[in-house]
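Single-structure report; data block below.
Please read all numbers here as calculations on a predicted model, not as lab measurements. Sequential numbering from 1 along the given sequence is applied to the chain's residues.
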Amino acid sequence: MRSNDDTLPLQPPIRLPAEATLAAAVRAAPLAAELRPEGGDAEVLAFWADACRERLAGDEGLLLRFIRMFLSREPVTGDVPAPLTGLGLVRREEPVTLTWLGLWVARGIVAETTGQEIPVMGSLAGSDAAGLLHGLRAYPEPERGEELAGWLAGRDRDGAVADLAAALAGASPLARAVGVELLATEFGAEGAKALDGLLEEFRLGAVIAARLGREDRPPAPDEIAWVLVDMAAALLEFGGETGEVVESISMGMDPAEQAGTVAVLAFGDHPQTEQVLRVFIDHHPDERVSAAARKALRRLRGLADLRA
């Protein structure tokens, strides 16, 4: 069953070899003689993915252990179950880690079960600007710089800056934050100029100014709620702790002030407002604030009905 990719914190990218190398690993796996994968590389890999899913689905503990190894990206100690080594998913020798084939199979299982497409290094080179920003959301440094360099190869730099700037408005909150950071830090004067050109845009300009700490472009009263939600939603999108989300809006205010701030979020018309309010309803320790969030959520839904 597929679900939104926010069911699992965003995972960093993985490195995979070419399809031919993965297919060769399948043919060399201990269980290949029994399972008899046939055909070209793509057919062999599709067959092996199905075989792995079938074997792992029959043993929930084995599946969980395999996925935990993938998510930790760290060597494990102790005996490794024979099915994992037999399928060529885990190395037999120290350090005991997932093989290339194991990474590839685990990535597919995570995509099917959570909906999150964990990026592969180098895979964003052919994406448009929106796809690049979406894909880079979970990239740490220096991987982000490496992927950006691959994306820029063969592209006109000025055109790339323009494309990234144009993609900010329609991006998700976290992808938008990534785009602002890239333009501000990776493109020198061209990036700064592109961001300056967006500062007067309604809402988007206010978010950019907040991200860059531009005190010369404070948010208008009807932008404040949208900016607060956008900043908090970026943390949620990344998989941040609820305490971080609360702090991004409360900013040291006392509970009465927090309640007043939360109350106005309903008027921002941000698509992630309900998600952010839910954090305050379910996790804020002060009842005054959580009550204000419940009231704001009712108001938000009422306003949505009126707009419809």
Side-chain angles (χ1 to χ4, degrees), residues 1-11 113-116 133-134 137-138 168-181 201-215 217-308:
M1 178 178 176
R2 293 177 68 87
S3 60
N4 293 332
D5 63 4
D6 61 2
T7 60
L8 177 72
L10 288 175
Q11 298 299 301
T113 55
T114 72
Q116 184 178 151
L133 296 183
H134 182 81
R137 293 175 303 159
L168 294 180
S172 71
L174 182 55
R176 183 163 33 250
V178 169
V180 171
E181 182 180 349
E201 294 287 330
F202 182 55
R203 292 175 176 166
L204 175 61
V207 169
I208 291 172
R211 290 279 177 198
L212 299 179
R214 292 283 296 267
E215 296 181 359
R217 203 303 197 184
D222 55 352
E223 293 177 318
I224 292 174
W226 205 92
V227 171
L228 289 172
V229 171
D230 201 70
M231 304 280 272
L235 292 172
L236 284 176
E237 193 176 343
F238 185 73
E241 298 292 333
T242 55
E244 295 178 302
V245 177
V246 168
E247 181 58 30
S248 72
I249 290 179
S250 62
M251 295 181 290
M253 294 184 288
D254 63 39
E257 292 173 315
Q258 291 180 48
T261 299
V262 167
V264 305
L265 298 184
F267 300 104
D269 194 28
H270 192 290
Q272 272 75 48
T273 301
E274 180 166 347
Q275 187 182 13
V276 171
L277 287 174
R278 281 286 177 195
V279 172
F280 281 83
I281 292 170
D282 296 336
H283 300 286
H284 200 286
D286 193 288
E287 174 57 28
R288 289 170 292 179
V289 181
S290 56
R294 286 192 294 270
K295 185 175 181 179
L297 182 56
R298 290 193 297 270
R299 182 178 293 116
L300 176 71
R301 291 171 175 171
L303 291 171
D305 291 341
L306 287 175
R307 294 187 187 103

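Between atom CE of residue M253 and atom CD of residue E247 there is a gap of 9.0 Å, rounded to the nearest 0.5 Å. The structure places CG of D282 at 9.5 Å from OG1 of T242, a figure rounded to the nearest 0.5 Å. Within the model, atoms NZ of K295 and CD1 of I281 stand 13.5 Å from one another, a figure rounded to the nearest 0.5 Å. Atom-to-atom distance recorded for R278:CZ and R294:CZ is 10.0 Å, nearest 0.5 angstrom.
Heavy atoms of other residues, nucleotides or ligands lying less than 6.0 angstrom from CD of E215 number 12 at most. Atom CD of E241 has 12 or fewer neighbouring heavy atoms from other residues, nucleotides or ligands inside a 6.0 Å radius.
In this structure, the side chain of E237 does not engage the main chain of S172 through any donor-acceptor pair within 3.5 Å. Checking side-chain atoms of Q116 against main-chain N and O of L8 turns up a donor-acceptor pair under 3.5 Å. Here the side chain of E257 pairs a donor or acceptor atom with the backbone of D254 at under 3.5 angstrom. Put simply, the side chain of E287 never gets that close to the backbone of P285: no donor and acceptor are under 3.5 Å apart. The backbone N or O of R298 sits nowhere less than 3.5 Å from a side-chain atom of R301 that would complete a donor-acceptor pair.
Pairing each heavy atom of A232 with each of V245, the nearest pair is CB-CG1, 3.9 Å. Minimum heavy-atom separation, D286 to R288: OD1-N, 2.8 Å. Listed here is the closest heavy atom pair of F280 and S290: O-CB, 3.5 Å. A pairwise comparison of heavy atoms in P173 and A234 identifies CB-N, 3.7 Å as the closest pair. The two residues A296 and V262 have their closest heavy-atom pair at CB-O, 3.7 Å. The nearest pair of heavy atoms linking E274 to L297 is CG-CD1, 3.4 Å.
V207 has its side chain within reach of R211: a pair of non-hydrogen atoms, C-beta onward, lies under 4.5 Å apart. Side-chain contact between Q275 and L236 is present, with heavy atoms from C-beta onward closer than 4.5 Å. At least one side-chain heavy atom of L168 sits under 4.5 Å from a side-chain heavy atom of L133.
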- CA sep, side-chain torsions, deciding dist, call: V276, V279, side chain to side chain contact (heavy atoms under 4.5 Å, CB included): CA-CA 5 Å; V276 171; V279 172; 5.6 Å; no
- Item | Step-by-step side chain to side chain contact (heavy atoms under 4.5 Å, CB included) determination, V246 to V289 | CA-CA 10 Å; V246 168; V289 181; over 6 Å; no
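At a cut-off of 3.5 Å, with distance as the only test, no side-chain donor of Q258 or T261 sits close to an acceptor on the other residue.
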Can I get a per-line list of side-chain donor-acceptor pairs under 3.5 Å for residues 222-230, giving both atom names and the distance, sequence neighbours left out?
unit_1	atom_1	unit_2	atom_2	d
E223	OE1	R217	NH1	2.7
E223	OE1	A220	N	2.8
E223	OE2	R203	N	2.9
E223	OE2	R217	NH2	3.1
D230	OD1	R176	NH2	2.5
D230	OD1	H270	NE2	2.7
D230	OD2	R176	NE	3.2

